[in-house]
Participant: 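Below: one structure in structure tokens.
Every chain is numbered from 1, with letters handed out A, B, ... down the list of sequences. Everything quoted here is computed from the prediction, not taken from an experiment.
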Protein chains: 4
Amino acid sequence: MTSAPRTALKARKRPVQSRSRVTVDAIFEATIQVLLRDGMSALTTTRVAERAGVSVGTMYQYFPNKQALVYALNERFLDTLAGRIEATCGRMKGAPLPEMVDALINTYWTAKTERAEVTRALYRSVAELDNDELMHAFAARADAATTAMFTSAENGAVEDVDALNLTLASVIYGTVRNAFERGLTQEEASVLRRNLTEMCRAYIGALYA
Amino acid sequence: MTSAPRTALKARKRPVQSRSRVTVDAIFEATIQVLLRDGMSALTTTRVAERAGVSVGTMYQYFPNKQALVYALNERFLDTLAGRIEATCGRMKGAPLPEMVDALINTYWTAKTERAEVTRALYRSVAELDNDELMHAFAARADAATTAMFTSAENGAVEDVDALNLTLASVIYGTVRNAFERGLTQEEASVLRRNLTEMCRAYIGALYA
Amino acid sequence: MTSAPRTALKARKRPVQSRSRVTVDAIFEATIQVLLRDGMSALTTTRVAERAGVSVGTMYQYFPNKQALVYALNERFLDTLAGRIEATCGRMKGAPLPEMVDALINTYWTAKTERAEVTRALYRSVAELDNDELMHAFAARADAATTAMFTSAENGAVEDVDALNLTLASVIYGTVRNAFERGLTQEEASVLRRNLTEMCRAYIGALYA
Amino acid sequence: MTSAPRTALKARKRPVQSRSRVTVDAIFEATIQVLLRDGMSALTTTRVAERAGVSVGTMYQYFPNKQALVYALNERFLDTLAGRIEATCGRMKGAPLPEMVDALINTYWTAKTERAEVTRALYRSVAELDNDELMHAFAARADAATTAMFTSAENGAVEDVDALNLTLASVIYGTVRNAFERGLTQEEASVLRRNLTEMCRAYIGALYA
DNA sequence: GATGAATGAGGGTTCATTCAT
DNA sequence: AATGAATGAACCCTCATTCAT
């Protein structure tokens, strides 16, 4: 996640002092607020600064330009998410494959659902960005973690871990995102979540039948 | 798909005459070109008109504003896509469930892959829009078609068609999109595609074991 | 009134044929409608043509440009008004001065009040124009008529007809216009009208006391 | 005068600091210049900003839109004018009625004549606006002042002050405006001014004869 | 370090006018 | 003669970014 973005998008300073940290957090939070309330097209530097309670000038001390701000915000979220996935994968090392899948779905689904609106806002904000780098960095980290986990599966080595990983990751991440975009009801969501788990388990079962 | 969008987004005139039709198509194509080359943030009315070989004024004769243009473009693509899905579903009526799933994945995957870059461009362009209406209209049409298809499955009635439909639709559409965003290699893509099919089949198999 | 305006403002053709006459009238009426409904800033050639039931092209056959249209419209109204004043002045020739004044106020006030909204709309529309020419032409015609009338006053020659004329014309026309702009109630209007007459009579009385 | 205009027309910031004050004044002056030189239809935001020596952006920091600028300009002038009328009325309290009228005509006429061209430009600029609010606010203030003055007239209470006020105000303001629109010569103007005074005095005389 | 007024390029949009049909 | 689609200059306005204080 901390892999080098285009120089233009790099944050200007690492907020080492606690005061800076507070400021940056306020800016991030303000960005999310504006995104939620008014949408991407109303995300102006002035408005963010205002809501964050700082001046535009100050904002530019921490982020070289608007894109960098949005970029950093998404980076932060993906960092957190990757961290959670890593934690889950660490915890599940050596467990049976089906349980791994359950855990992975749980982690991802929960992470996205906790602040559903924020997730949605971020999905939108990232569309303008040079997305790929961000996604790749996240994918790389997450894939490393899940691959390591799958490799450690209890009942012997998986034949083609990379293929398994690619498949499960794509299906899980993709399905969860799609669930968001469809705006499912609570009930539909829980049906889908259960069935997604079933499906993954069935696939794994079929692989080793 | 042709369900009423917010008035503000409605196209101004239906291009009935062939000359108009050509113009509108040129504008659509130009929009895609710009989206591909320069991204959403560079999609200006002037640039689109220029590339389409018409004046801005002409563009505004057909679209009341920029958003409406992007909206109409997406609408057109989703319309086509929904049409293809309906065709497939029609053709597969009464077939065995696994073959239905194969056909559905094929149709969707192919449709998205044919002009992969365009698909990617549209995914981005739609993020700024009032997405929901568009998605819902598409979902409604596609769901109706697939549900009808699943209901007609050869070997007896599916127990809960709606749940099955929700699951398969979410997984398939979601996975395909995720595949795009990850920017998979040709090979990875074909592995994923095969495995997605396997997974759906395994799920269906498990349901009726 | 028919004095030469700047060439640019001249109407393109005199509508001699009855068909043309109808068209021009429709355009004039449409212009007023739009002015009334939507105000000067919404007075577009397209809208006027639309409401008149003709094409823009046709409109341009009769008026070389938009300004000419507004100009002609005002000219027509001022022409009519001048005609009415001339009629009154003709009728009152040789009458006693106070009765002349009564008649003049009556004529002017009535003319403006009959279609009060139209009057108001025209007042506004003319502000954009090169007003002066129009006003001068009207003033010249009206002044000629009133001066002739005052000269013929029953009880002997007025000492300085031009001064009297200037005074009465300015006071009467000015007061009536001001009444419009203040948006007086029915009652206030009639009080004002009565008092204006009183005042003019008092002035005349004082002159010859 | 400072009564609430439609929100859309409100000035954005009150120029409290002296620098801002200078800027705003420059913008006002520039607006007048442009109005004088090129007329209302050439009054573009760019042109005004240019002549004022500021950027368009700066202009928009003080005025939310072009209309608001014109509105504020007229408001300022009417404010000043109302202030002058109030001053005169205050000074003339308890004086004989004819002197009051003299003073009122003097004040109004002088105010309008001092910068005659500006007055003319403003008369035109206001036609596009939602005039009424502005006029009413002015009228209310001016009427209050004159009514109070007339009430205090030396030789006993006027019978119907409101009617007197309505009459004198309408006649005076209307006549002065009409004088402008006719574009009188210096000499004609002074004749008219004298006669207007005579007329008002004659009217008052007749009232209390 | 922080501020926020000033900047001005550039965006979306309108509409008077033309001219091929 | 009539049409109305096409034109494109010009308008109003926004907002990322800078820099004097």
Participant: Starting from P on F/dT14, measure out to CZ on D/F63 and report it in whole angstrom.
Facilitator: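 That distance rounds to 15 Å.
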Participant: Rounded off to whole Å, could you give me the CG-to-C1' distance for the B/L69 and E/dG11 pair?
Facilitator: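 From B/L69 CG to E/dG11 C1': 15 Å.
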Participant: What is the separation between atom NZ on A/K66 and atom P on F/dA16, rounded to the nearest whole Å?
Facilitator: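 Rounding to the nearest Å, NZ of A/K66 and P of F/dA16 are 4 Å apart.
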Participant: Do C/T23 and C/S20 have a side chain donor and acceptor closer than 3.5 Å?
Facilitator: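 The criterion, which ignores hydrogens and geometry beyond distance, is not satisfied for C/S20 and C/T23.
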Participant: How long is the line joining OH of A/Y60 and P of E/dA5, in whole Å?
Facilitator: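 To the nearest whole Å, that distance equals 16 Å.
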Participant: Working note: C/D132 + D/R124, criterion salt bridge (Lys or Arg N to Asp or Glu O under 4.0 Å); need CA distance, chi angles, decisive distance, verdict.
Facilitator: CA-CA 12 Å; C/D132 297 350; D/R124 288 192 173 194; 3.7 Å; yes
Participant: When you match B/G53 and D/G57 each to their closest nucleotide on DNA chain F, which lands nearer the 5' end?
Facilitator: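 The residue whose closest nucleotide sits nearer the 5' end is B/G53.
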Participant: Under 3.5 Å, is there a donor-acceptor pair between the side chain of C/T31 and the main chain of C/I27?
Facilitator: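 Confirmed, C/T31 side chain pairs with C/I27 backbone.
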Participant: From the list E/dT3, F/dT7, F/dA2, which nucleotide is the closest neighbour of the side chain of A/S55?
Facilitator: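 Of all the options, the side chain of A/S55 is nearest to E/dT3.
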Participant: Do side-chain atoms of C/R47 reach the backbone of C/A42 as a donor and acceptor pair under 3.5 angstrom?
Facilitator: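 Side chain of C/R47 to backbone of C/A42: a pair is present.
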Participant: To the nearest Å, give me how far apart CD1 (D/I27) and C1' (E/dT7) are.
Facilitator: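 Spelled out: CD1 on D/I27 to C1' on E/dT7 is 13 Å.
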Participant: Counting only side-chain heavy atoms from C-beta out, which of F/dA5, E/dT7, E/dC15 sits nearest to C/T44?
Facilitator: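 That would be E/dC15.
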Participant: Could you check how far CD of D/E50 sits from P of F/dC12, rounded to whole Å?
Facilitator: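 Computing the D/E50:CD to F/dC12:P distance gives 13 Å.
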Participant: Using Watson-Crick or G-U wobble geometry with both distances below 3.5 Å, tell me the partner of E/dA6, or none.
Facilitator: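 Looking at the geometry, E/dA6 pairs with F/dT17.
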Participant: With both distances kept under 3.5 Å, what pairs with F/dA1, Watson-Crick or G-U wobble?
Facilitator: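 Looking at the geometry, F/dA1 pairs with no nucleotide.
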Participant: With respect to the side chain of B/N65, which nucleotide from F/dT3, E/dT13, E/dA6 is positioned closest?
Facilitator: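 The closest nucleotide is E/dT13.
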Participant: Relative to the 5' end of DNA chain E, which residue comes earlier, D/T58 or B/L43, by the nucleotide with the nearest heavy atom?
Facilitator: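 First, find each residue's nearest nucleotide; the 5'-ward one identifies D/T58.
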Participant: Given the side-chain rings of A/F63 and A/F28, with only the six-membered ring counted for Trp, is the space between their centroids under 6.0 Å?
Facilitator: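 Ring centroids of A/F63 and A/F28 are less than 6.0 Å from each other.
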Participant: For C/A42 and for A/V56, locate the closest nucleotide of DNA chain E by heavy-atom distance; then report the residue assigned to the nucleotide nearer the 5' terminus.
Facilitator: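 It is A/V56 whose nearest nucleotide is closer to the 5' end.
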Participant: For A/M59 and F/dC19, give me the distance from atom CE to atom P, rounded to whole Å.
Facilitator: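 Those two atoms, CE and P, are 17 Å apart.
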Participant: Answer with base, sugar-phosphate or nothing: what part of the nucleic acid does C/T45 contact at a heavy-atom distance below 4.0 Å?
Facilitator: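 Contact class for C/T45: base.
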Participant: Starting at OH of B/Y62 and ending at C1' of F/dG4, how long is that distance when rounded to a whole Å?
Facilitator: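 After rounding, the gap between these two atoms is 11 Å.
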Participant: Is there a side-chain polar atom (N or O) of B/R47 under 4.0 Å from OP1 or OP2 of E/dG10?
Facilitator: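 It does not, given that no N or O in the side chain of B/R47 lies less than 4.0 Å from OP1 or OP2 of E/dG10.
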